[in-house]
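Remarks on the structure that follows.
The basis for the numbers below is simple: all heavy atoms, side chains too, and nothing from hydrogens, waters or symmetry mates.
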Protein chains: 2
Amino acid sequence: MNDLIPSSPVINIGTLKSSCANCSMHQLCLPMGLDDNDISRLDQIIGRRRRLARDERLYQMDEPFRNLYAIRFGHFKTYQVNAAGEQQITGFQMAGELLGMDAISADRHHCDAVALEDSEVCEIPFGRLEELFGHVPTLLRHFHRIMSQEITREQNVMLLLGNMRAEQRFAVFLVNLSARYAARGYSANSFQLRMSREDIGNYLGLTIESISRLLSRYKKQGWLKVDKREVTLLDPVMIKALAAGTEQCSPMA
Amino acid sequence: MNDLIPSSPVINIGTLKSSCANCSMHQLCLPMGLDDNDISRLDQIIGRRRRLARDERLYQMDEPFRNLYAIRFGHFKTYQVNAAGEQQITGFQMAGELLGMDAISADRHHCDAVALEDSEVCEIPFGRLEELFGHVPTLLRHFHRIMSQEITREQNVMLLLGNMRAEQRFAVFLVNLSARYAARGYSANSFQLRMSREDIGNYLGLTIESISRLLSRYKKQGWLKVDKREVTLLDPVMIKALAAGTEQCSPMA
DNA sequence: CGCGGAATTGAAAATACTCAAAATTAGTGG
DNA sequence: CCACTAATTTTGAGTATTTTCAATTCCGCG
């Protein structure tokens with residue numbers, strides 16, 4: 001894969017390489033809250049960056065665990081495969097988020113991670129990160145927060161899968177994406193779905209047909225606009241109410 | 001609450017107090033793999049033990065986070081409450097397991113934890129534990145494994161809720177309990193359910209009626225025996241096959 | 001322009017839910 | 001220890017949400 005800026009005269013590629021300080025995600029990612037000195041220590045252990053094409057796999061279940069991965073740009077999905085070969089998507093990850101934490105417990109990856117579009121990650125050798133924890137307590141604390149956040153995120157998904165109807169699940173999904181894009185400085189009410197309808201359905205415990213019907217219904221109600229994968233929330237208040245369970249759902253058409 | 005052994009002449013209560021080395025769970029709990037010296041350092045930071053009666057709450061959502069809790073004996077459930085007041089049980093915990101890790105990210109508890117029977121926990125002040133991490137790398141590594149394990153556990157529940165039918169969900173639930181009791185030296189095929197049918201249903205994303213019907217069906221098929229909350233797996237191989245999805249489910253009676 | 005994957009839509013079917021009633025169990029006080 | 005009451009569980013019948021299966025449309029790409 002070629003470098004996107006192969007011959008720029010003003011940018012020193014050497015210093016940019018793997019530099020957290022220059023990364024647009026450093027306020028969301030692992031270096032959050034670190035001072036310059038500690039950031040440079042983190043920089044020193046960060047491995048190579050890795051580019052992935054759409055549909056390319058970052059890691060696979062049962063592969064030995066060596067690195068965590070911070071997403072620089074792009075989107076990923078993670079999914080588990082059960083004995084019967086069916087998959088369950090456990091999350092969609094975007095820039096600034098960390099991949100691979102589920103692998104720490106067994107020293108093997110517990111799921112697959114696949115790029116939803118052309119993406120780039122920073123490889124973070126976990127062994128070296130652990131060494132650094134002893135010297136940078138702020139980093140350790142932040143790492144614990146990130147892991148804990150992943151636990152609460154998954155608990156929220158359990159709540160979704162365990163006792164919400166289809167209409168509410170989908171609303172929660174949209175509100176969640178909206179909030180995450182907003183946190184990254186993008187529009188809260190207009191964004192592109194990076195995953196297929198099938199992926200959405202799988203994640204939400206629904207079929208692709210259900211997702212399609214939900215989109216149609218939302219459209220008909222005037223709550224949103226869809227053009228291929230471009231979604232615009234026309235009535236974000238309503239969608240948030242649906243997500244919160246405040247608003248009653250009408251039965252599926 | 002009274003001490004169970006108020007006047008034993010041979011046991012020195014003082015040294016037993018909060019001693020991980022003497023705890024039957026120390027091979028499963030936080031001190032796993034620590035040498036005697038490090039165990040005693042951990043002991044020094046462990047706060048008081050806390051007894052809870054059945055249905056008593058250990059902590060509540062939004063409460064400020066101060067401690068993790070290691071279960072010495074007894075069982076707990078953790079659940080989230082959504083805006084509409086409905087609850088979703090996110091896990092059942094038993095002796096040797098750690099409670100409260102979801103609170104690290106926001107410095108507030110993210111769920112409620114309630115004792116399912118009379119139980120006892122060790123209070124672990126998280127601030128002091130963090131200090132100790134700097135001095136006992138083994139402890140830190142094990143802590144990361146425990147958090148990661150919680151992440152993978154929840155991913156397994158997502159798989160269960162997202163694409164298994166009722167019969168398989170219930171089989172997975174039984175197999176999981178069985179394995180955990182076996183790991184604690186108890187019978188793998190005969191154990192007591194510490195939670196109500198309603199709790200099981202809530203956890204599995206099913207109604208109490210469905211759980212009741214599943215139990216009846218399993219009984220009729222000769223796969224298990226139930227007497228109140230005492231369950232005996234008569235055909236563990238079959239139940240494991242159901243859980244794995246190897247065996248096809250018959251439709252609900 | 002046409003092929004193929006993805007998405008939409010419709011109709012029928014199935015799984016699990018709701019509501020209701022009966023049965024069993026647990027808890028309490030005499 | 002027993003009787004009584006409350007709570008939990010079981011069972012049944014009818015219903016609803018979502019799935020499955022099938023057909024069609026849409027869209028990207030060669």
Side-chain angles (χ1 to χ4, degrees), chain A residues 53-55 77 86 88-89 116-118 160-173 192-221 224-231 242 245 248-253, chain B residues 53-55 77 86 88-89 116-118 160-173 192-221 224-231 242 245 248-253:
Chain A
R54 183 195 164 120
D55 291 329
K77 65 176 172 185
E86 293 165 316
Q88 167 72 35
I89 293 176
L116 292 172
E117 61 184 333
D118 294 357
L160 177 146
L161 293 172
N163 60 45
M164 293 181 191
R165 325 218 128 283
E167 186 160 334
Q168 191 178 5
R169 291 187 200 187
F170 189 58
V172 168
F173 171 74
Q192 193 145 31
L193 301 172
R194 317 297 167 128
M195 65 296 284
S196 66
R197 308 280 196 272
E198 182 152 29
D199 281 346
I200 298 173
N202 182 302
Y203 176 64
L204 296 178
L206 301 169
T207 58
I208 181 175
E209 292 95 332
S210 291
I211 300 300
S212 189
R213 282 185 243 273
L214 284 165
L215 270 171
S216 301
R217 188 134 56 96
Y218 277 43
K219 257 193 298 194
K220 196 152 62 183
Q221 302 276 6
L224 53 69
K225 218 169 51 179
V226 200
D227 180 29
K228 329 254 159 65
R229 292 187 169 187
E230 181 74 27
V231 172
L242 285 170
Q248 209 41 253
C249 303
S250 52
M252 205 100 145
Chain B
R54 182 195 167 122
D55 291 329
K77 65 175 171 183
E86 293 164 317
Q88 167 71 34
I89 293 176
L116 292 172
E117 61 185 331
D118 294 358
L160 177 146
L161 293 173
N163 61 46
M164 294 182 191
R165 325 220 127 284
E167 186 161 334
Q168 191 178 4
R169 291 187 198 185
F170 189 59
V172 168
F173 170 74
Q192 193 144 31
L193 300 172
R194 318 296 167 129
M195 65 297 285
S196 66
R197 308 281 195 269
E198 181 152 30
D199 281 346
I200 298 173
N202 182 301
Y203 176 63
L204 296 178
L206 300 169
T207 57
I208 180 176
E209 292 95 332
S210 291
I211 300 300
S212 188
R213 281 184 241 273
L214 283 166
L215 271 170
S216 301
R217 188 134 57 97
Y218 277 44
K219 257 193 298 195
K220 195 152 65 184
Q221 302 275 7
L224 53 68
K225 217 169 50 180
V226 200
D227 180 28
K228 328 245 162 72
R229 291 187 168 185
E230 180 76 25
V231 171
L242 285 170
Q248 210 42 252
C249 302
S250 52
M252 206 99 147

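Residues meeting the side-chain contact (heavy atoms from CB on, under 4.5 Å) test with A/Ser216, sequence neighbours left out: none. With sequence neighbours left out, the ring-ring contact (aromatic ring centres under 6.0 Å, His included) criterion links B/Phe170 to B/Tyr218. Annotation: salt bridge (charged side-chain N to carboxylate O under 4.0 Å, His left out) contacts of A/Arg194 (sequence neighbours excluded): A/Glu117. Remark: A/Arg54 pairs with A/Asp118, A/Arg229 by the side-chain contact (heavy atoms from CB on, under 4.5 Å) rule, at least two apart or across chains.
The distance between atom CD1 of B/Ile200 and atom C1' of D/dT8, rounded to the nearest whole Å, is 12 Å. With rounding to whole Å, B/Lys220 atom NZ is found 12 Å from D/dG12 atom C1'. Taking atom CG of residue A/Asn202 and atom C1' of nucleotide C/dA6, one finds them 16 Å apart after rounding to whole Å. For the pair A/Arg165 CZ and C/dT15 P, the interatomic distance rounds to 17 Å; values are reported in whole Å. Rounding to whole angstrom units, CG of residue B/Asp227 and C1' of D/dT9 are separated by 13 Å. Distance CD (B/Glu167) to P (C/dC17): 14 Å, rounded to an integer number of Å. Across the protein-nucleic acid pair, B/Leu204 atom CG and C/dT15 atom C1' stand 16 Å apart, rounded to whole Å. Remark: P of D/dA7 and CG of B/Asp199 are 16 Å apart, rounded to the nearest angstrom.
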Below 3.5 Å is the cut-off: list the nitrogen or oxygen pairs between protein and nucleotides 7-13 of chain C, distance only.
unit_1, atom_1, unit_2, atom_2, d
C/dA7, OP1, A/Arg197, N, 3.4
C/dT8, OP1, A/Arg197, NH2, 3.2
C/dT8, OP2, A/Arg197, NE, 3.0
C/dT8, OP2, A/Ser212, OG, 2.9
C/dT8, O5', A/Ser212, OG, 2.9
C/dT9, OP2, A/Ser216, OG, 2.2
C/dG10, N7, A/Arg213, NH1, 2.9
C/dG10, O6, A/Arg213, NH2, 3.2
C/dA11, N6, A/Arg213, NH2, 3.4

Which pairs would a plain distance check flag for residues 200-207 of chain A, meaning a side-chain donor or acceptor within less than 3.5 Å of a matching protein atom at least two apart in sequence or in another chain?
unit_1, atom_1, unit_2, atom_2, d
A/Asn202, OD1, A/Ile89, N, 2.7
A/Asn202, ND2, A/Gln87, O, 2.8
A/Thr207, OG1, A/Ser210, N, 3.3
A/Thr207, OG1, A/Ser210, OG, 3.2

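B/Arg197 places no side-chain N or O within 3.5 Å of a backbone atom of B/Ile208 that could act as its donor or acceptor partner.
Nucleic acid contact class of B/Gly201 (heavy atoms, under 4.0 Å, all strands): none.
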